[in-house]
Amino acid sequence: MLQKPRGTRDFLPDEMEQRRDIEGRMREIGRRWGYREICTPEFEELELFTVRSGEGIIQEMYVFEDKGGRMMALRPELTAPVLRMYVNEGRTLPKPLRWYYFADCFRYERPQKGRYRQFWQFGVELIGVDSALAEAEVILLAEEILSATGISFSIHIGHLALMRSILSGMPEQEQKKIRMFLDKKDFAGLRDYLSPKGMDDLCTSLTRLASCRDLQEVFEITGDLPERERIEELFSILDHSGIPYTLDPGIARGLDYYTGMVFEIFAENLGTENQVLGGGTYRLAHLFGGEDTPSCGFAIGFDRVMVSRGEQAPPRRLVAGIAHTPEGREWALAVSREFRSAGIRTELDLSGRSLGQQLSHIAKSADYALILGQRESTSRVVTIKDLRSGVQKELALPDAVREVIRSEPR
RNA sequence: GCCAGGGUGGGGUAGUUGGUCAUCCUAGGGGACUGUGGAUCCCCCGACCCGGGUUCGAGUCUCGGCCCUGGCCCCA
């Protein structure tokens, strides 16, 4: 038997309804904040992704040569495509641009809990504005969206200027290595790395900084910075907004296009892959041939949100099932039409079996059975049976519709 | 790429030191039942992940692969 590709999933209706429900909540909140949906191609020229992340990521991507000999890649994320799109056709739009997307991405990686080869991201990009308030907006929006999904999470916010100020003057390679230790909170590893170089003092202040949770103390460690006022403004806005967060100067956010604020959100009930959101302030547009444009944004790992929500009973929907005899068929079709145009999910029996059999099938899943045979057809009425109470009535069609609309799904 | 544990009908399972027609539940289909319920009863459908090896004989032992689950690495 043919199997689905490794790391991909099939979704049955019960699961799709839940995914669409959560997706809809995210879209709705984005909409209320003025973010509008965009869409970019499922695949792009390979270069779009290597230009800023390096050749190394090729082995983590689905890469192929098209019939014209061009190297293409299924998108592994959406920030680069969105900024490419901005450079191509968004440059003359009035700033700032507030965009969101909900789309699938592909990475050729080893699947594990919360990590798949095809996965969905909901993300926003706020393009063309460079202010503490813009950064705060993105964080507050992220918080509101994740709250709406019903998961438990914690927000960690940092700023790259803090670490950079201590590391400035060091070779880039070395900085990168050190940031890796700090990002993982591997302080022992950091000491083993720096001690032999006689950099114990540096190690101490880095460790102190990465563990620091108070902004005043942070600046005692780093000394005064050009970015200080901006950082203080950001955190002041956040404090006044009342959202719960943890200051975390240790966040390094993988690659180098982030320029300032960085933040990550972790779900509280997941395993290793517990990061459900990552984002920050960055500059990318100039890499794709545009002007240097300040932007910030985030991406939510949609599938991880769903894993974090766990097994949920599928939402009940009101269902009406129609049982009918051959003589009642035309009337049954007419009744179906009316019920459907009233917005009621209406399922017509297609089997032609006995009414008893139709009823027993309908009773498995529906809330109401509508019985339509010779008698109903002749007198243009509907025999409607409430399957919860067992109460059966004969009603005129508009009354039957009203009766069902008034009720709650079981 | 690495490590650990797994893989028996659609889902969940039993299967002894290797030895009859591979167990049970559930789901699905049909019937008892052509004007009325999910119950009951009967019937049907349907599986040892794939390939090599050991053996008279493999679901069981062995090797390789594939896939699943979790972890490592990585995480744009």
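In what follows, every chain begins at residue 1, and chains take the letters A, B, ... in the order their sequences are listed.
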K.L.:
Does A:Lys385 get its side chain close enough to the base of B:G37, under 3.5 Å, for a donor-acceptor pair?
P.N.:
yes
K.L.:
In whole Å, measure the gap between the P atoms of B:G9 and B:G51 for me.
P.N.:
16 Å
K.L.:
Determine: side-chain N/O of A:Gln112 to OP1/OP2 of B:G70, distance under 4.0 Å, yes or no.
P.N.:
no
K.L.:
Do the charged groups of A:Arg32 and A:Glu28 touch, with an N to O distance under 4.0 Å?
P.N.:
yes
K.L.:
Name the one of A:Tyr35, A:Phe122, A:Trp33 that satisfies ring-ring contact (aromatic ring centres under 6.0 Å, His included) with A:Tyr100?
P.N.:
A:Phe122
K.L.:
Find which nucleotide of RNA chain B each of A:Gly373 and A:Pro111 is nearest to by heavy atoms, and output the residue with the more 5' nucleotide.
P.N.:
A:Gly373
K.L.:
Closer than 4.0 Å, any side-chain N/O of A:Arg353 to the OP1 or OP2 of B:G30?
P.N.:
yes
K.L.:
OP1 or OP2 of B:G31 sitting under 4.0 Å from any side-chain N/O of A:Gln357?
P.N.:
yes
K.L.:
Any side-chain N or O of A:Ser360 under 4.0 Å from OP1/OP2 of B:G38?
P.N.:
yes
K.L.:
How close or far is atom P of B:C74 from atom CG of A:Asp183, stated in whole angstroms?
P.N.:
11 Å
K.L.:
Please report the distance separating the P of B:U62 from the corresponding atom of B:U23, rounded so that it comes out in whole Å.
P.N.:
26 Å
K.L.:
Tell me, please, whether A:Phe106 has A:Arg117 positioned over its six-membered ring: NZ or CZ under 6.0 Å from the ring centre and within 45 degrees of its axis?
P.N.:
no
